[in-house]
Amino acid sequence: MRVAELTDARLVVELSEWDLGELERSFGVRLPGGTWLVPGRMTAEDGFCAHADEMRFLGADGAFTAVGLDGARRLVVAEAVCSLWPWVCDSFDVRFVGEDGNLWCQGGHHLKVEVRAPRSSAALWTLLAALVAAAELVLSLVMGSLEGVYGVVLINVLLAPFSLLCAALALRSWRFGVTADLGGMRVRPTLGPERAFAFSEVTGVDRVVAPDGSGALRRLVVRTADARVSLSSSLEGVEALDALVAARVHLS
């Protein structure tokens, strides 16, 4: 989706052929066009408040029309714009309301799947890292008083790798996460900046299942041209993300 025009009183969005195909597969509704005009108003509190019942599409004659539109098609467009909005505009939100003033949907506050380590696991690794670091410090002081600098070096050589491993696992448990919606995925790695990609950029999906024939998911791997995201089944939300990826990614 692309925002072609946005003013204080109107929004024009362009849905690609891929977007239209995905919407038809997801909702069973074929939209009459890809360019949509949505009247509305810009507010400081809610961002752009769109009037869903007044939206029109660009016809073959080059004019916007509402011929043939019904509530089902308007709802599909509203759902698509709300879901994809965070990927095209992060400075303010968009809201779609109907003729009766009821909220249809809101961008950035729609379907969202979060994958992260269980907080109990993160707390456990943090506690273990603290205990190992404390033990390393105490033993270094004791061995330093008995053996001098050689005792300190010995303790560091023995415990430092384990201490660093626990610290790295604790950091990953708290930091690493994946957020996905109908538009795509946003990955927050253990180190480095976040990166995001749309489902249309996915080039491959690998599902590693248990060898016992149960079909239980062991690992989910999502690949793009320049990124690879590998998620263990021990993370919270992996099953939900697997279902969302299966519904949104259609590889030829």
To check you understand the geometry: which heavy-atom pair defines the closest contact between V3 and W85, and what is its length?
CG2-CZ3, 3.9 Å

Write down the atom of R219, the atom of S230, and the distance for their closest heavy-atom approach.
NH1-OG, 2.8 Å

Provide the full list of side chain to side chain donor-acceptor pair (under 3.5 Å) pairs with a residue in residues 50-66, sequence neighbours left out, each pair given once.
none

Members besides L146 in its Ile/Leu/Val/Met/Phe/Trp/Tyr cluster (side-chain heavy atoms under 4.5 Å):
V138, V142

If Ile, Leu, Val, Met, Phe, Trp and Tyr residues are connected whenever their side-chain heavy atoms lie under 4.5 Å apart, and connections chain through other members, are L23 and V81 in the same group?
yes

In one Ile/Leu/Val/Met/Phe/Trp/Tyr side-chain cluster, 4.5 Å: V178, W174
no

Using side-chain hydrogen bond (donor to acceptor under 3.5 Å, both in side chains) as the criterion, list what pairs up with R172, not counting sequence neighbours.
none

Please report the closest heavy-atom contact between W125 and L169, naming both atoms and the distance.
CH2-CD1, 3.4 Å

Taking all non-hydrogen atoms of both residues into account, name the closest pair between P189 and R175 and its distance.
O-NE, 2.9 Å

Does some side-chain heavy atom of F176 sit less than 4.5 Å from a side-chain heavy atom of L191?
no

Using side-chain heavy atoms (C-beta onward) and a distance below 4.5 Å, is L139 in contact with L159?
yes

Which distance, rounded to the nearest 0.5 Å, do you find between the CD1 of I155 and the CE of M143?
5.0 Å

Under 3.5 Å donor-acceptor, N156 side chain and V153 backbone:
no

What pairs with R73 under side-chain hydrogen bond (donor to acceptor under 3.5 Å, both in side chains), at least two apart in sequence or on another chain?
D70

Residue pairs, two or more places apart or on separate chains, that pass side chain to side chain donor-acceptor pair (under 3.5 Å) and touch residues 132-146:
none

Are there over 12 heavy-atom neighbours, none belonging to R41, within less than 6.0 Å of that residue's CZ?
no

Of all pairs that satisfy side chain to side chain donor-acceptor pair (under 3.5 Å), the ones with a partner from residues 233-247, not counting sequence neighbours:
R207-D242, S232-S234

Closest non-hydrogen atom pair, C166 against V132
SG-CG2, 4.3 Å

